[in-house]
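Below is one structure, written out as structure tokens; the observations come after it.
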Amino acid sequence: MLKVIGMRNSPRVLSTRYLQPLLWRRFVSSDIQQKDQQAGESNTATDTGVIHKTEQETLLFFDNVYPRQLSMWSPLGWMNNIFFNQSRESVRAKIQNLASPKENPIHGLVMRSTIPVKRDGGVFATFVVPYRYSKAEVNMMISKNTALESSKGLLSFFTTVSAFPVKGIPWIEDLRRLPSTTIKVKFQGPVLTEEEIYSLFRRYGTIVDIFPCKDGNDYAIVKYRSYRGAICAKNCVSGIEINNTVLHIQYQDEVKNTLVSNFVVNHTRIAVPVFIALLSIIAVLIFDPIREFFIEQKITHRYSLSMDNYWFKQLKDITNSTVSQFKNYWGGHDENHIRRHLWDERMDRVNDLQMWLEENNNTFVIVRGPRGSGKRDLVMEHTLHERENVLYLDCDKIIKSRTDAKFLKNVAQEIGYFPIFPWIGSVTSIIDLMVQGLTGQKTGLSESKETQFRNILTTSLMAIRRIALKNYKPAIREGETTVNVKEEDYLQQHPEAKPVVVIDRFAGKSDINGFVYKEMADWTAMLVQMNVAHVIFLTETITSNQILSESLPNQVFKTMILSDASRDNARSYVLSQLHDNSGNHFIKPLNSQNNTEKEGKENNGEIMNIINEDDIDPHLIEELDETLDPLGGRMLDLQAFVRRVKSGEEPKKALEKMVEQASEQITQIFLSDKIEPIKSAQAWELIELLNENLVVKYEDIVFRPLFKAAPELGILELENNGLVNVSRDRGVLKDIRPAKPLFKAAFQYLIENQELSTVLKTRYYLKVIGFENGRIKKWEEELPQLGKIKDPKLFKARVDYLSGKITLSSDVINNCEKEIKELSQKSKK
């Protein structure tokens with residue numbers, strides 16, 4: 001930065017007086033002024049930083065005209081421009097009214113110019129002194145009028161305007177030197193004493209301290225209590241000459257060294273852990289109540305704009321009741337009954353579940369059934385549809401998260417945990433490494449996803465407990481006596497107050513995030529032991545019972561096993577779902593007159609026999625039976641079939657589409673080239689066996705070449721992936737069936753379709769050839785080592801064994817190549 005300072009005895013200083021513009025010694029030389037005039041450039045204060053005035057003019061500084069800019073980003077200035085008129089004309093009128101108000105005017109006072117200094121929040125104003133007054137009298141009257149006028153109005157309680165005569169020659173600069181409460185007074189000449197400094201600067205505000213010159217420095221530091229005093233002193237005194245000394249004033253940047261900052265800098269090993277502990281405490285105090293509220297909202301839906309909201313449910317019940325009365329009056333049916341129609345077996349299961357919840361047994365309820373058997377629909381839509389406090393958690397969405405951030409986000413979404421900051425884990429890990437390198441010890445700030453998951457469950461436990469005890473009163477008044485009630489007694493007497501936690505697809509094992517099952521089992525066990533919630537697990541296999549028994553030992557679980565519906569129940573379900581309640585029937589009755597009479601029968605308050613099969617076309621019933629045989633009684637498949645038929649497809653066409661879709665699913669998941677060859681070959685071999693037999697014995701699989709190495713692992717992997725279903729006898733695998741009845745038809749479709757079967761069989765034989773070649777290669781690597789032995793009789797038995805194995809595998813390869821050749825010839829015909 002170049003700073004041009006004119007010395008006191010320099011011949012280039014402008015020292016004209018009287019009516020000529022008075023220029024101050026330190027700012028510009030005559031050469032600069034001459035160059036500006038020759039170039040035709042302006043010499044205003046905005047461009048040069050120098051204020052020109054004559055001896056007949058006086059210069060005053062008005063503060064608090066604009067909001068001060070105390071930082072580089074100052075939104076207060078923008079707001080002030082929006083709510084107040086800050087134009088140049090408006091500011092001039094305001095200054096004129098403050099200096100010479102109508103109630104007490106200064107006759108003959110003329111304002112020559114105004115120069116705003118928005119950074120400091122003030123304005124320099126030049127006035128022509130009337131001939132009847134002296135300059136001192138005018139300055140005194142302007143200061144007095146300004147103080148009196150600015151004290152009027154409501155804004156005077158917050159801020160007032162003051163006017164100070166400018167004693168020095170101010171330097172108007174727009175450098176990035178923000179206002180401060182401390183000013184630096186630089187002396188160009190002999191330094192002033194503390195008393196002189198105090199006498200000169202005290203009038204502008206309360207001074208906190210003065211730091212005089214020391215160690216040969218040519219400057220002193222003056223610290224004000226407020227910004228206002230420092231700003232006025234800087235603009236009014238800068239450039240003044242006292243005792244042949246010129247004062248240059250600038251703002252001093254403040255470096256605040258507080259006790260806390262000194263402690264942090266000098267005691268890092270102690271300060272960092274303390275700071276992190278305080279931060280954690282503050283985070284818990286602020287965010288945990290918010291998170292508990294959102295978890296309660298997730299469970300109760302009290303403030304959500306959805307159909308689960310309490311008031312929406314009340315309105316829906318009133319509307320349904322009114323509509324049902326009109327329908328009954330006009331001979332219509334109860335739509336709610338048809339929508340919730342289940343076969344008798346499932347209705348018994350619903351009643352059992354509701355009874356278990358009312359009995360308040362402090363144990364787990366396990367609903368087990370094959371995939372697609374309608375476990376979730378049975379529990380959520382039929383058992384808990386009228387219950388308010390239900391928390392549904394899908395383990396599959398949590399387990400399949402690939403990254404830690406995605407995992408925490410999915411967990412929070414399932415439980416209703418908000419707010420959550422998944423990115424904090426990465427940031428804290430970096431901070432932990434930095435602090436460890438700085439202090440030599442870990443901060444413990446970073447947490448694993450297991451710990452964070454456990455914290456989320458702990459917070460949700462507190463929210464569930466609060467919901468369960470919402471209507472709890474520790475003391476009940478009965479007449480003149482008061483009865484104390486414990487929380488345990490209240491919860492035991494009011495099972496309906498406890499929320500229901502439903503955990504779907506609880507498997508117990510997973511390749512990634514497997515810890516979730518153990519943590520969730522421990523969490524639900526705590527809920528049951530505290531008697532604050534009912535817990536229902538929906539699972540497909542019995543293997544999950546082991547991990548649940550570890551979390552809640554010495555307890556007998558309430559177990560419900562769901563199976564496929566019988567043929568009659570499946571047909572009744574499909575017929576009832578295909579019935580159109582609006583009066584038009586997809587299934588046309590033969591006798592529509594008698595049908596209306598039979599539809600009105602009631603049994604125990606429920607409409608029964610909505611569709612009488614005797615009045616339906618027998619050919620249509622026969623066609624429906626033919627299509628339902630391959631579907632079996634799997635709930636999800638029956639629902640998909642009903643949707644297709646309702647959309648306009650014929651029953652046989654709908655079945656064909658579903659079989660094709662299932663076949664495509666099997667080929668993509670189990671028979672694709674992307675799958676490991678041995679696993680794909682095992683899947684195809686099972687498909688061929690299950691196509692020929694309804695049930696395949698496990699003992700028939702054990703000795704097959706593809707399964708011989710690890711038969712149980714191969715079968716269990718296919719079961720976990722959803723191709724087959726395996727029954728067990730005392731823990732030992734016994735019978736192997738298709739995962740669902742529709743797969744039986746899909747297996748048949750894959751084998752009987754000539755083109756598709758040729759491709760799949762060829763792929764199977766090639767994978768078997770690759771498998772046998774790998775075995776032969778391993779055996780052949782052992783034979784050269786045996787040939788190096790001098791006495792061949794020692795390992796003759798081993799050599800014969802290996803040669804026999806190689807011969808058998810070679811025969812398998814030859815047979816496979818022969819089959820491939822025959823398939824190729826058939827495809828060419």
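Keep in mind that what you see is a predicted model, and the values were worked out from it rather than measured. Quick note: numbers below take in every heavy atom, side chains included, and nothing from hydrogens, waters or symmetry partners.
Counting only N and O atoms by type, the side chains of N389 and K498 include no donor and acceptor under 3.5 Å apart. Between the side chains of S572 and N569, no donor-acceptor pair of N or O atoms lies under 3.5 Å. Defined by atom type and a distance below 3.5 Å, a donor-acceptor pair is present between the side-chain atoms of S551 and D522. In the model, Q529 has no side-chain atom that pairs as donor or acceptor with a side-chain atom of N362 under 3.5 Å. For K740 and N725, the side-chain atoms include no donor-acceptor pair closer than 3.5 Å.
Under the 4.5 Å side-chain criterion, counting only non-hydrogen atoms from C-beta, Q639 is in contact with D377. In this structure the side chain of Q354 never reaches within 4.5 angstrom of the side chain of R349, judged on heavy atoms. Looking at K558 and T363, their side chains come closer than 4.5 Å, going by heavy atoms from C-beta outward. In this structure, I687 and L671 have side chains that are in contact, with non-hydrogen atoms separated by less than 4.5 Å. Taking the side chain as every heavy atom from C-beta outward, Y698 and P711 approach each other to under 4.5 Å. Looking only at side-chain heavy atoms (C-beta outward), L357 and L384 come within less than 4.5 Å of each other. Using a 4.5 Å heavy-atom threshold, the side chains of L718 and N720 count as separate. Side-chain contact check for L469 versus L491: some heavy-atom pair is nearer than 4.5 Å.
For R376 and Y392, the positive end sits near the middle of the six-membered ring, less than 6.0 Å away and at most 45° from its axis.
Residues E292 and R466 are paired through a salt bridge, judged by an N-O separation under 4.0 Å between the basic side chain and the carboxylate. Between D629 and R567, at least one side-chain N (NZ, or NE/NH1/NH2) sits under 4.0 Å from a carboxylate O, which counts as a salt bridge.
Residue N513 forms a side-chain hydrogen bond (donor to acceptor under 3.5 Å, both in side chains) with just one option from E450, K400, K449, R402, and that option is K449. For the ring pair (Phe, Tyr, Trp, His ring centres under 6.0 Å) with F557, the lone residue among W356, F537, F364 that qualifies is F364.
Taking the side chain to side chain contact (heavy atoms under 4.5 Å, CB included) definition, one finds that K298 meets it with L391, sequence neighbours left out.
Among residues at least two apart or in separate chains, there is no ring pair (Phe, Tyr, Trp, His ring centres under 6.0 Å) pair with a member in residues 710-738.
Classified by interplanar angle (parallel below 30°, tilted 30° to 60°, perpendicular above 60°), the ring pair F294/F418 is perpendicular.
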(message) With side chain to side chain donor-acceptor pair (under 3.5 Å) as the criterion, how do N531 and E488 come out once you've worked through the C-alpha distance, each side chain's angles and the decisive distance to 0.1 Å?
(response) CA-CA 7 Å; N531 196 21; E488 296 81 2; over 6 Å; no
(message) Let's go through F407 and F515 carefully: what are the C-alpha distance in whole Å and the side-chain angles of both, what is the deciding distance for ring-ring contact (aromatic ring centres under 6.0 Å, His included) to 0.1 Å, and is it a yes or a no?
(response) CA-CA 12 Å; F407 171 81; F515 68 92; 5.6 Å; yes
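Outside the 6.0 Å centre-distance limit, the rings of F287 and Y417 are not counted as a close aromatic pair.
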